[in-house]
Number of protein chains: 2
Amino acid sequence: MTGTASTVNTEELHESPTLALRTFDSIKSDIINGELAQGSKIVESDLALKYGISRGPLREAIHRLERIKLIVRIPHAGSRVVTLDTRMMEDIYNARESLEGMAARLAARLMSDVEIESLSKLLDQHAAAISETDGKVYFQREGDIDFHYRIAVASQNQWILEKLNGELYQLIRMCRHQSGQFPSRAQTALDQHRQIAAAIARRDEELAEILMRRHISGAWEIVKTILEDQND
Amino acid sequence: MTGTASTVNTEELHESPTLALRTFDSIKSDIINGELAQGSKIVESDLALKYGISRGPLREAIHRLERIKLIVRIPHAGSRVVTLDTRMMEDIYNARESLEGMAARLAARLMSDVEIESLSKLLDQHAAAISETDGKVYFQREGDIDFHYRIAVASQNQWILEKLNGELYQLIRMCRHQSGQFPSRAQTALDQHRQIAAAIARRDEELAEILMRRHISGAWEIVKTILEDQND
DNA sequence: AATGCTTAAATTGTCGACAATTTGTGACTG
DNA sequence: CAGTCACAAATTGTCGACAATTTAAGCATT
């Protein structure tokens with residue numbers, strides 16, 4: 001670990017060894033950024049042409065996108081980009097709450113002292129970034145996910161890590177990206193992160209889980225009102 | 001809902017509309033039943049021949065099996081049937097504990113009165129089956145999962161339901177099936193199920209979640225010792 | 001005899017063409 | 001004029017062949 005990066009790029013940097021995986025990454029970005037609109041129909045031959053590959057690997061890419069719920073597929077009837085409604089996001093946030101709560105509990109049990117130290121430094125960097133930009137931290141989005149990502153890794157639970165990082169965070173990124181700017185919650189979020197980190201440092205599994213769950217359910221309350229205001 | 005079925009078949013009964021999906025189901029059964037041994041190599045051309053299809057749909061089936069973790073895949077290097085070690089099962093049970101805890105909480109909040117009544121009747125049927133067979137309930141396996149399945153449905157959380165039913169339960173079934181007979185825990189399990197159902201009927205979200213988590217973590221302690229004894 | 005390189009076999013990745021299914025269109029009938 | 005059936009277009013599902021990559025085996029070299 002270099003310790004210099006304030007944001008961790010969770011994507012693979014080295015080119016994927018297969019066409020299908022590279023295309024999967026491309027389409028994933030296009031969906032998250034909104035270049036492929038929500039609910040728009042996916043026609044295999046069109047996309048194959050657009051990305052310059054044949055239908056075989058493209059189909060695999062689509063299947064992988066279905067796996068992480070960015071695409072909805074119906075046999076013989078084709079596939080569409082997912083449409084994020086409030087109902088679905090509530091499911092996501094509830095699942096995230098329980099999973100990350102467990103992750104925080106496990107992290108409190110298993111994290112090494114040097115990891116805990118490193119986590120603390122990460123939060124210092126976030127604090128610095130907040131005061132520098134006077135609360136309008138642009139990278140708060142990624143920085144926030146960065147903190148949660150570290151907890152997930154520290155849990156040493158592969159299943160949970162994979163679901164959070166590969167699926168839930170993607171959907172949350174997409175939702176954030178396509179819902180305009182969020183109110184600057186950077187300072188309160190950081191405070192809560194600090195409390196969680198402190199509980200972990202104290203090896204207080206119970207408290208770490210409770211604080212993490214409260215943190216996420218609080219975030220959901222905000223997102224919920226935004227989504228509801230949007231659709232009225 | 002008919003109310004007559006004591007065990008719910010969670011698989012699709014009507015033939016799947018596509019070759020890939022049918023083959024997916026076949027291979028899935030073969031893996032869970034142990035006809036395809038853990039860790040054995042999967043060669044696409046061989047399996048395609050065995051199931052009488054071409055490599056295209058077979059590849060899709062394999063991808064779906066990878067998705068639910070019954071197969072592990074490495075690009076260009078082929079795929080193998082998963083090997084269930086203690087480490088992995090611990091991840092599974094920890095994830096299950098948090099997810100089903102949340103499901104029980106949501107069920108306590110959202111379940112309709114008639115659903116609660118039906119759940120109670122299901123437990124009566126389980127009790128009858130236990131006394132009939134004098135504790136040696138053969139279908140306890142499925143019956144147990146049946147109860148948990150109902151809670152997952154009642155949570156009305158699609159994401160959680162899909163992960164539990166499509167992924168975690170499959171792995172647990174496979175683990176049970178390939179670890180010989182488990183000690184008859186039918187009576188204690190039923191008692192705990194009754195307590196959970198009672199908490200749900202009382203709309204006590206907090207208690208429902210706690211009891212469900214305790215129930216599952218207790219089950220893990222048993223499974224854990226079995227797995228450890230096995231590998232020594 | 002052990003190690004490293006070269007080559008051959010086996011296996012996966014990719015492609016384009018064909019078959020099966022669904023969806024949309026339009027004529028026909030009540 | 002509404003509803004239904006048949007037909008045609010578009011799209012997905014399936015297949016077999018070819019290309020790229022990994023794994024293994026065999027040979028030469030130290």
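Labels below follow one simple rule: chain letters A, B, ... track the order of the sequence lines, proteins then strands, and each chain is numbered from 1.
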Please give, in whole Å, the distance from [N] [atom2] to [X] [atom1]?
X     : N      : atom1 : atom2 : result
B/I53 : D/dG16 : CD1   : C1'   : 14 Å
A/E60 : C/dT14 : CD    : C1'   : 11 Å
A/F24 : C/dG13 : CZ    : C1'   : 18 Å
B/I62 : C/dG13 : CD1   : C1'   : 13 Å
B/L19 : C/dA19 : CG    : C1'   : 12 Å

Applying salt bridge (Lys or Arg N to Asp or Glu O under 4.0 Å), can you list everything that pairs with B/K69, at least two apart in sequence or on another chain?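 Partners of B/K69 by the salt bridge (Lys or Arg N to Asp or Glu O under 4.0 Å) criterion, ordered by chain and then number, come out as A/E162, B/E167.
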Quick test of your reading of the model: are A/E44 and A/R59 salt-bridged, counting only N-O distances below 4.0 Å?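 Salt bridge between A/E44 and A/R59, a charged N being under 4.0 Å from a carboxylate O: yes.
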Salt bridge between A/R67 and B/E66, side-chain N to carboxylate O under 4.0 Å?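 Answer for the salt bridge query: yes.
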Under 3.5 Å, N/O pairs linking protein and nucleotides 10-12 of chain C:
| from | atom 1 | to | atom 2 | distance (Å) |
| --- | --- | --- | --- | --- |
| C/dT12 | OP1 | B/I42 | O | 3.1 |
| C/dT12 | OP2 | B/E44 | N | 3.2 |

Got a donor-acceptor contact below 3.5 angstrom from the B/S179 side chain to the B/R176 backbone?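 No; judged by distance alone, with no hydrogens or angles, the pair does not exist.
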Check: B/S16 side chain, B/T18 main-chain N or O, donor-acceptor pair, under 3.5 Å: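 No, because the side chain of B/S16 does not come within donor-acceptor range (under 3.5 Å) of the backbone of B/T18.
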What residues, two or more places apart in sequence or in another chain, satisfy side chain to side chain contact (heavy atoms under 4.5 Å, CB included) together with [X]?
X      : result
B/V43  : B/K41, B/S45, B/D46
A/Q178 : A/Q38, A/M174
A/R109 : A/R105, A/L106, A/E205

Any N/O pairs under 3.5 Å between the protein and nucleotides 5-8 of chain C? List them or say none.
none

